[in-house]
Amino acid sequence: LHLALDASGLDLDSMDAHYTVMDRGLEGDTDNDEEDGPCGELNMIAVSNPCVLDENLAPPGYIVVHAYGAGNEPYGLWKDIKRNSP
């Protein structure tokens with residue numbers, strides 16, 4: 001996911017370029033009462049704000065944010081998907 005966000009009022013100098021979000025609400029093993037820990041399946045999102053490193057990557061007053069699932073899902077979800085399929 002790529003987003004352009006209005007950066008009005010944000011201090012880019014106080015922000016990091018990369019963040020990691022790990023939260024039970026992102027999925028994980030919701031059918032199980034036992035916690036599967038911070039590395040549980042579908043439980044991690046990586047967020048990058050490259051404008052912290054180069055403010056010219058977005059128009060003045062905006063930032064670009066890139067968020068993605070960090071590849072911690074089980075292979076079985078993808079194994080039967082054909083490359084270039086819609």
Side-chain angles (χ1 to χ4, degrees):
L1 174 66
H2 290 88
L3 299 171
L5 300 176
D6 183 342
S8 300
L10 294 179
D11 178 9
L12 292 180
D13 292 330
S14 69
M15 300 175 80
D16 290 323
H18 304 285
Y19 294 92
T20 300
V21 179
M22 297 171 128
D23 189 301
R24 297 298 325 134
L26 294 174
E27 286 294 330
D29 186 358
T30 57
D31 295 331
N32 187 340
D33 288 337
E34 297 178 32
E35 291 188 26
D36 57 0
C39 294
E41 295 174 359
L42 306 173
N43 194 34
M44 183 175 153
I45 302 293
V47 180
S48 297
N49 175 4
C51 292
V52 170
L53 304 174
D54 183 353
E55 63 185 28
N56 295 310
L57 294 172
Y62 289 85
I63 61 172
V64 174
V65 176
H66 175 216
Y68 61 97
N72 58 337
E73 68 275 354
Y75 175 73
L77 293 174
W78 302 100
K79 72 176 184 172
D80 295 323
I81 302 286
K82 303 250 186 291
R83 288 187 184 266
N84 299 319
S85 65

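Since we're looking at a predicted model, the values are computed, not measured.
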Please answer: with hydrophobic residues joined when any side-chain heavy atoms are less than 4.5 Å apart, are V52 and I45 in the same cluster?
yes

hydrophobic_cluster_shared for L57 and V47, side chain cutoff 4.5 Å:
no

Applying ring pair (Phe, Tyr, Trp, His ring centres under 6.0 Å), can you list everything that pairs with H66, at least two apart in sequence or on another chain?
H2, Y68

By the side chain to side chain donor-acceptor pair (under 3.5 Å) test, which pairs, at least two apart or in different chains, include something from residues 56-65?
D54-N56

Exercise answer: donor-acceptor pairs, residues 3-16 side-chain atoms, under 3.5 Å, sequence neighbours excluded:
from: D6; atom 1: OD1; to: S8; atom 2: N; distance (Å): 2.8
from: D6; atom 1: OD1; to: S8; atom 2: OG; distance (Å): 2.6
from: D11; atom 1: OD1; to: D13; atom 2: N; distance (Å): 3.1
from: S14; atom 1: OG; to: D11; atom 2: O; distance (Å): 2.8

Looking only at heavy atoms, what is the nearest atom pair of A58 and V64, with distance?
CB-CG2, 3.7 Å

For T20, which residues count as a side chain to side chain donor-acceptor pair (under 3.5 Å) partner, sequence neighbours excluded?
none

Interatomic distance, CD1@I81 vs CZ@R83, rounded to 0.5 Å, equals 12.0 Å

